[in-house]
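Working notes for the structure below.
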Protein chains: 4
Amino acid sequence: MGKIEEKKRQKKEALLASAFQLFTEKGIDNTSISEIAKNANMAKGTFYLYFKDKYAIQDCLVAYEANRIFEKAHIQLNNELFQKVSDSFEDAIICLVDCVIEQLNENPVILRFIAKNLSWGIFSNIRISDLDNQNCMDIFDELIQKSKKKFRQKELMVFMIVELVNATCYNVILNHSPVGIEDLKKDLYAAIRSILEQFELQ
Amino acid sequence: MGKIEEKKRQKKEALLASAFQLFTEKGIDNTSISEIAKNANMAKGTFYLYFKDKYAIQDCLVAYEANRIFEKAHIQLNNELFQKVSDSFEDAIICLVDCVIEQLNENPVILRFIAKNLSWGIFSNIRISDLDNQNCMDIFDELIQKSKKKFRQKELMVFMIVELVNATCYNVILNHSPVGIEDLKKDLYAAIRSILEQFELQ
Amino acid sequence: MGKIEEKKRQKKEALLASAFQLFTEKGIDNTSISEIAKNANMAKGTFYLYFKDKYAIQDCLVAYEANRIFEKAHIQLNNELFQKVSDSFEDAIICLVDCVIEQLNENPVILRFIAKNLSWGIFSNIRISDLDNQNCMDIFDELIQKSKKKFRQKELMVFMIVELVNATCYNVILNHSPVGIEDLKKDLYAAIRSILEQFELQ
Amino acid sequence: MGKIEEKKRQKKEALLASAFQLFTEKGIDNTSISEIAKNANMAKGTFYLYFKDKYAIQDCLVAYEANRIFEKAHIQLNNELFQKVSDSFEDAIICLVDCVIEQLNENPVILRFIAKNLSWGIFSNIRISDLDNQNCMDIFDELIQKSKKKFRQKELMVFMIVELVNATCYNVILNHSPVGIEDLKKDLYAAIRSILEQFELQ
DNA sequence: GATGAATGAGCGTTCATTCAT
DNA sequence: AATGAATGAACGCTCATTCAT
C-alpha cells in the first residue's frame, strides 16, 4: 500500500522544512535535533528514523535549494530565448547567472545557507529534477551545442565562472562591500565574457 | 622586570600554537577550550586569562597566518623585481598571486584554515607588520603608481581577483578537482590579466 | 496508560525528597543540582526534566512543608474545639500558634528551612489543600466570624502575630537563647493576646 | 612605627567599603573575592592578608552597620531627652525604635543587608564604640534605672521587641506589604507599649 | 607586605543518543 | 512506526586559593 510510503515522505519533508527554517534562522550549530523534531511536530526519536544526524539533513537541503534556484533560472532562460531569438551564447550564460544572482539577492538567507556549504563536488553533481535529471554541465553543453562554438576545458571554464560568481556575490550581497550588487554585476559580467572568450577555440 | 612579561608572551604563543594545531586537525567546532589548554600544557582556567573564547584565538590566528603569507609574497616580489627590471605591472601582480598560491599549495592545512574564515572585511584590513603596517591595498597602489597606469574602481578590481583566486584554489588544492593546480594556474592568470585590462583606463 | 504518569510523579517526589534532605543538611547554597540528582539515584540531566533550577525545587518545598504544618495545626484546633466548647477566640488563636510551635520545636530542621525563606507574600498565599484551598486569612476570618467579635485591619494584625512568632521562635528553638521555648511561650502568648485586644473594635 | 599600622588599617577599611558596596548592589552570593579586591584597588592575594573569606568580611560589616545605626539612635534620644524632660521610659524606647526605623526606611539597602544576617547572638553583643563599648542591654538598663521602674526578664523583653520590630519592618519597608510604614508604626508602637507593660513588675 | 599568574575542582546546562513502551 | 523519558559525557565558564616574585 502506497499510503504508508506517502506518510513517510510527508514526515521527511516536514523534517526538512523544519530544519531549513531553523538553520537559516539560527545557524546549524545553534539548532539541536530536538528542536528540529519539535518544530516538525514530532518526537525526538522519530528524527532518527529518517536521518542519521543534522548534517545529513543539511546535505539534503543544500542540494535541494540549489536545485530549485537552477531550475528557476533555466525556466527563465527558456522564456527569454523564446522571446528574443537573437541572444548569443554569451548572453544566455549571463542570463542564467543573472537570474541566479537575483534570486540570491532577494533571499540572502538562502545565499548564506548554501554558499558556505556548496563545494564544487556537490554543485557539479546536482541533478535538476524537472529536466530529466540533467546536471549543470549538461545544460552548458546544450547551450554550447546550440551556439555552434567550440571550447576547451569546459569544466574548468564553468568552475572558474561559478566560483567567481559565488565568492563575489557572497560578500557583496551579505556585506554590501566593497560595492553594491548593481556595480558588481557590470564588471562581473564583463569578466565572465572575458573568461568565456579565453576558453573559446579559434 | 620583563621576565614576567616574557613568560606571558610565551603562554599566549603556546595557546596560539596549540589552537592552530587542533583547529587544523579537527576543525574549530570539534575543538574545545579544555583541549586547547591541555595541549598547551596549561590548566583550563589559564586559557581565559589570555583569550575571551576560542573565536578570539581564531581571529588572531587567521590574521597572523594571512599576514605571514603576504609578507613572504611581498619579499619574493621584491627579489624578482630586483633581478628582472623589465617586469610589467601585470607580471608583478601575477608574481604576488603565484607566490601566495605556492605557499597554500605547499601547506593546504593553512589554506583550509584561512580560506573559510577570511572575509573581504578582514582581508582588506590586514596590516603587514614588516612593511610599516601597510595593508594589501597600499601595496597594490604602490605597484600601480610605479607602473604609471591608471585604473578605475581599484578596490572592486582587487576584490574580484582575490575572491577568484581564493575560491578556485580552495577547491583545486584541497580536492584536486576539476583540474590540477598547474592547469588552473594558466587560465587563472590569464583571467586575472583580463580583469586587470578590463579596469584599466584608456 | 497511567503507568508512565505514575513513574514521573515518583521521580519528581524523589527529587523533592532528595533536595529537602540536602537543603536541610547543608543549606541550599552548598547543594548542587548534581548532588540532588545523584542523591535521588538519577542522572544529572533528568533533574532538568522536572525543575528549572534548584530554586524552583525550593519554592515547591517551602510551600509544601508550610502547608503540612498549618494543615496539622488546623486539624488539632478542630479536635480541641470539639472537646472543650468554651474556648474563646483568643484561645483558638493561641491553640493554632501553639500547635505550629510544637511542630517546629520537634523538627527544628524544618524551622530552619522554612523560616528564612517564608516571606509574608508567600505565607499569606499558602493554600491549605485539605481545606478546599482556603488560605490562612480565610481560617482567621472563619474563627473571627464564629466569635462574633469585630477587628480592624485584620491583615496587619495577623502579620504582626505571625512575624513575632516566627522571629522569636527561630532564635529560641535553634539557639536556645535568650530563654527556653517554654519560657518564651508564656510571654509570647500574652503578647499575642495584647495584640489581639489592641485591634479589637469596641 | 605607627605608620605601618595606619596603612594596614586603611587597606582593611578599603576592603570593607568595597565589599559593602558590592554586597548591597549585587548580593554576597554574586560577589567574588576577586571583585572585592579589584574594587578596592588591590590585588586578589592581598585580600587574604586581611580576611579569611568573604563571610568574615560580612560579619564585620553587619556588626559595623548595626553599630552605626544604634549609635545614631542613641545620640538622637539624648537630644530629645535634653529638650523635653517629661519623656517617660516608654517614650524613650519608642524614640529609640523610631529612630532606628527611620534610618532603615531611608536606607532599605542596609535593612536588606543587615536584617537577614543579624541574629540575636550578634545583636546582643554589639558594642557601641562611642559609648564606652556599652551594648544594647546596657543602654536599656540605663534607661530603666533612670525611670525608677522594675521589670522581670529584661533580656526576653528586649528580644521580643527587637524581633518584632526587625521582622515587621523588613517586610513593610522592602515590600510595602501588608501596609505602609506609617500604618505599621502606630500599631507597632502600641504593641511595644503592651509588651513593656506585660513585663513590668507591680 | 603586596602582587597577580596559575590552577583545577566544580558549577549549571545542553543535547545526541538509546530504548522500553 | 512513533514516542519521549532517561542518560551522562561534554561543554563553557567561574573563582577560591596558592605561591613565586
Side-chain angles (χ1 to χ4, degrees), chain A residues 3-5 7-8 11 29-38 40-55, chain B residues 1-12 15 29-38 40-55, chain C residues 1-12 29-38 40-55, chain D residues 4-5 7-8 11 29-38 40-55:
Chain A
K3 251 185 195 169
I4 239 165
E5 285 305 308
K7 238 188 174 176
K8 282 175 77 173
K11 290 249 172 187
D29 288 337
N30 299 315
T31 302
S32 69
I33 286 173
S34 171
E35 279 175 299
I36 296 171
K38 184 184 289 175
N41 297 314
M42 265 169 249
K44 209 189 312 197
T46 311
F47 179 94
Y48 292 93
L49 301 176
Y50 295 94
F51 297 97
K52 191 179 136 280
D53 55 32
K54 66 182 173 183
Y55 301 104
Chain B
M1 185 182 295
K3 245 186 199 170
I4 233 163
E5 285 305 310
E6 174 60 18
K7 243 188 171 175
K8 282 173 75 174
R9 210 189 45 77
Q10 274 177 19
K11 288 255 171 187
K12 193 163 185 173
L15 282 168
D29 288 336
N30 300 313
T31 302
S32 70
I33 286 170
S34 177
E35 280 176 299
I36 297 171
K38 185 184 289 176
N41 295 315
M42 271 171 238
K44 200 186 340 190
T46 310
F47 177 94
Y48 292 94
L49 299 177
Y50 294 93
F51 297 98
K52 193 179 134 282
D53 53 33
K54 65 182 173 183
Y55 301 104
Chain C
M1 184 183 296
K3 244 185 200 171
I4 232 163
E5 283 307 309
E6 173 61 19
K7 241 186 171 176
K8 282 173 74 174
R9 211 189 45 76
Q10 275 178 19
K11 288 255 171 184
K12 194 164 185 172
D29 288 337
N30 300 314
T31 302
S32 71
I33 286 171
S34 177
E35 280 176 301
I36 297 171
K38 184 184 289 177
N41 296 315
M42 270 170 241
K44 202 188 329 190
T46 310
F47 178 94
Y48 292 93
L49 298 177
Y50 294 93
F51 297 97
K52 194 179 134 281
D53 54 32
K54 66 183 175 183
Y55 301 104
Chain D
I4 239 165
E5 285 305 309
K7 239 189 173 176
K8 282 174 76 172
K11 290 248 173 190
D29 287 336
N30 298 315
T31 302
S32 69
I33 286 173
S34 172
E35 280 176 300
I36 297 171
K38 184 184 290 177
N41 296 315
M42 265 170 250
K44 208 189 315 197
T46 312
F47 178 94
Y48 292 93
L49 302 175
Y50 294 92
F51 296 98
K52 190 177 136 284
D53 54 32
K54 65 183 175 184
Y55 301 104

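Here is how names work: the chains are called A, B, and so on, in the same order as the sequence lines, proteins then strands, and each is numbered from 1.
A donor-acceptor pair is defined here as one N or O able to donate and one able to accept, closer than 3.5 Å; no such pair exists between the side chain of A:Lys38 and the backbone of A:Lys44.
Closest approach of D:Asp53 to D:Ile33, counting heavy atoms only: CA-CD1, 4.4 Å.
Contact check, A:Tyr48 against E:dT17: a side-chain N or O comes under 4.0 Å of OP1 or OP2. Remark: A:Tyr50 is in phosphate contact with F:dA2, judged by side-chain N or O atoms under 4.0 Å from OP1 or OP2. Checking the phosphate oxygens (OP1, OP2) of F:dA10, no side-chain nitrogen or oxygen of B:Ser32 falls inside 4.0 Å. Note on A:Lys44: every side-chain N or O is 4.0 Å or more away from OP1 and OP2 of F:dA5.
Closest to the side chain of C:Ile33, out of E:dT17, F:dT7, E:dT13, is E:dT13. Proximity note for A:Lys11 (side chain, C-beta onward) versus F:dT7, F:dT3, E:dA6: the nearest is F:dT3. The side chain of B:Thr46 has E:dT7 as its nearest neighbour among F:dA2, E:dT7, F:dA5.
Atom pair A:Met42:CE and F:dG4:P shows a separation of 12 Å (rounding to whole Å applied). Whole-Å rounding puts the B:Asn30 CG to F:dA10 P distance at 13 Å. What separates NZ of B:Lys52 from P of F:dC13 is a distance of 7 Å, to the nearest Å. B:Lys3 places its NZ atom 19 Å from the P atom of E:dG4, with the value rounded to the nearest Å. One can place CG of B:Leu49 at 12 Å from P of F:dT14, the figure rounded to the nearest angstrom. Distance B:Glu5 CD to E:dG4 P: 11 Å, rounded to the nearest Å. Between A:Asp29 atom CG and F:dG12 atom P there is a gap of 12 Å when expressed in whole angstrom units. Atom CG of A:Asn41 is separated from atom P of F:dA2 by 14 Å (rounded to the nearest Å).
Nearest-nucleotide assignment on DNA chain F puts the 5′-proximal partner with A:Gly45, out of A:Gly45 and B:Glu35. Residue-to-nucleotide proximity on DNA chain E shows that, of A:Asp53 and C:Lys7, the 5′-proximal contact is made by A:Asp53.
Across every strand in view, F:dA20 sits in a pair with E:dT3 that passes the Watson-Crick or G-U test at under 3.5 angstrom.
At the heavy-atom level, A:Lys8 lies nowhere under 4.0 Å from the strands shown.
At a threshold of 4.5 Å between non-hydrogen side-chain atoms, the residues D:Lys8 and D:Lys11 do not count as touching.
Residue B:Leu15 holds its CG atom at 8.0 Å from OH of B:Tyr50, rounded to the nearest 0.5 Å.
A cation-pi geometry, defined here as NZ or CZ lying under 6.0 Å from the six-membered ring centre and within 45° of its normal, holds between C:Lys12 and C:Phe51.
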